[in-house]
Amino acid sequence: MPQPSAKPNQRLLKRPRRLRATPAIRALVRETGVQVEDLILPFFVSEKIRKKTPVASMPGVFQLTVKEVAAEAAKAAKAGIRSVLLFGIPAKKDERASQAYAADGIVQRAVRAIKKAAPGLVVITDVCLCEYMSHGHCGITELEGGHLQILNDESLELLAKTAVSHAAAGADIVAPSDMMDGRVRAIRTALDAANFKHTVIMSYAAKFASAFYGPFRDAAESAPKSGDRKSYQMDAANALEALREVALDIEESADIVMVKPGLPYLDILWRVKEKFGMTTAVYNVSGEYAMVKTAAKNGWLNERDTVLEMMTAFKRAGADLIVTYWAQDIAGWLKK
Ligand code: PBG
C-alpha cells in the first residue's frame, strides 16, 4: 500500500518549519523584539539606611541611599537604559503623608541627585501615599462606624501636591499608582497651575488588587497595617471595567497608560492597546520577579531565557514600555 504522502495531490505544501530552519531565518521573520530602550528600571531609595540593604524577597534588589541611587542610575544609563522609576522610603510616616510632598523628601532628593549624575536619563517618580502614611494606605483614612474608609476626594489634594513637588525636583514623568478616582485630572491641573505643562503623566490606569505585590511591600515598607486595597485597586475578574478605567484616565489627560501586574494580565494589556492605541506600559511586578528568581536559584528555570521570553510576551501583547527589576540584567544580555 502506498504511503499517503506519496500521492501527488496529498503532498505537504505548507511547511511552517521552513521559516524556523536556521537562526538567521528565524531572526529574519521575527515579529517582535525587546530593546533596552523599552525598559524602565525601578529603584527603592531609603532615608532609613546608611548603605545598600538587600530586599530578602527580591534577590538582587536593594534599598539604596540617595548617593547610591545616583551611582546606580548612572550605571544604568551607561548600559543603555533610558528611564528609571523611583520609590521612596521616608524616615517618618504620618497620617497626612507629609514626607511625600516635602521639598527635601527622599524622592525629591533622589531626583535631584540622579539628574546631576545622569542628566540624560528620563526620571519617573511613583506618586502614591502608601509609603508615607503611618497606616500604609494609598489615601487619607477615616474610621466610619468601625469601618476603615479611604477618602477619595480628600486624598487628591495630597497626590497633586506630591506630583508637583516631584516635578519641581526635576522629574520628567510622574506616575500615579494610588487608584483614587480623578487623580489624573487633579495632578494635571496642579502641574499646569505650577507651570509644569510639559511634565508627563504615566498613570497606573488598570491596576489590580494583586497578591503579586507581596515582595514589593517588603521593599517599600508599604503594606497596609489593617485591611487591604480592594476598595481602590481593581478586582482581578474584571476586564471591561479595566477598559473603563483606562478610558477615564485618557479623558483626564494621561499621556501614557499602564497595566499592572504584567504576566497574569496580558489579556488586559492586549485589549487596552487594541482599543486605545495609546503609548502603553506594563509593570512586571515584584511577585513575578520573585517567582522566577526563586526557581532560577534552585536551578529549575534558566533565568535569562525565561526573562527574555517574558519580555517578548509583553511586547507581543502590546507593551511599548516595560517596568522590570531585570532591566539592568536584560541590558547586559541583549549586548551579548
Ligand atoms: C504603590 C505601588 C505598589 C506597587 C507599585 N506602586 C504596591 C501596592 O499597590 O501595594 C507594586 C509594584 C510591585 O509589586 O513590583 N501603591
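Atoms within a ligand are numbered from 1 in the order they appear, just like the ligands themselves. Numbering starts at 1 and runs along the sequence shown.
- Atoms of ligand 1 lying under 4.0 Å from any heavy atom of C130, numbered from 1 in the order shown and given with element: 1 (C), 16 (N).
- Residue S177 has at least one heavy-atom neighbour below 4.0 Å for each of these atoms of ligand 1: 1 (C), 2 (C), 6 (N), 16 (N).
- Among the atoms of K207, some N or O lies under 3.5 angstrom from an N or O of ligand 1.
- Checking only distances, R217 does come within under 3.5 Å of ligand 1, N or O to N or O.
- Because its NZ or CZ atom is not both nearer than 6.0 Å to the ring centre of Y132 and within 45° of the ring axis, K93 does not count as a cation-pi partner of that residue.
- Without hydrogens or angle criteria, T199 side chain to D172 main chain gives no donor-acceptor distance under 3.5 Å.
- With a 4.0 Å cut-off on non-hydrogen atoms, S286 touches ligand 1 through its backbone as well as its side chain.
- Cluster annotation: V257 and L266 are assigned to the same hydrophobic cluster (Ile/Leu/Val/Met/Phe/Trp/Tyr, side-chain heavy-atom contacts under 4.5 Å, transitive).
- Counting heavy atoms closer than 4.0 Å to ligand 1, residue D178 contributes nothing at all.
- Of the protein's non-hydrogen atoms, the one nearest atom 12 (C) of ligand 1 is F216 CD1, 3.3 Å.
- Residue contact check: D126 has heavy atoms under 4.0 Å from atoms 6 (N) of ligand 1.
- When heavy-atom distances to ligand 1 are checked against a 4.0 Å cut-off, Y289 has no atom that comes that close, whether in backbone or side chain.
- A cation-pi arrangement, defined by a distance under 6.0 Å to the six-membered ring centre and an angle within 45 degrees of its axis, is absent between K207 and Y265.
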>> Assess the residue pair L263 and M310 against the criterion (side chain to side chain contact (heavy atoms under 4.5 Å, CB included)); give the C-alpha distance rounded to whole Å, side-chain angles, the decisive distance to 0.1 Å, and a yes or no.
In response: CA-CA 8 Å; L263 275 192; M310 284 163 78; 3.7 Å; yes

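- Taking the centre of each ring, F43 and F62 stay at or above the 6.0 Å mark.
- Residue Y204 has no N or O atom closer than 3.5 Å to an N or O atom of ligand 1.
- Distances shorter than 4.0 angstrom occur between a heavy atom of Q233 and an atom of ligand 1.
- Checked by atom type and distance alone, the side chain of N238 never pairs as donor or acceptor with a backbone atom of E241 at under 3.5 Å.
- The side-chain tip of K260 does not point at the ring of Y204 from less than 6.0 angstrom away and within 45° of straight on.
- Taking every heavy atom of Y325 and a limit of under 4.0 angstrom, the matching atoms of ligand 1 come to 12 (C), 13 (C), 15 (O).
- At a threshold of 4.5 Å between non-hydrogen side-chain atoms, the residues I330 and M311 count as touching.
- Against a heavy-atom cut-off of under 4.0 Å, K260 is close to the following atoms of ligand 1: 2 (C), 3 (C), 4 (C), 5 (C), 6 (N), 11 (C), 12 (C).
- The only option from I173, I124, V122 that meets the side-chain contact (heavy atoms from CB on, under 4.5 Å) definition with V200 turns out to be I173.
- Under 4.0 angstrom from ligand 1, there are no non-hydrogen atoms of E131.
- Not a single heavy atom of E288 lies less than 4.0 angstrom from ligand 1.
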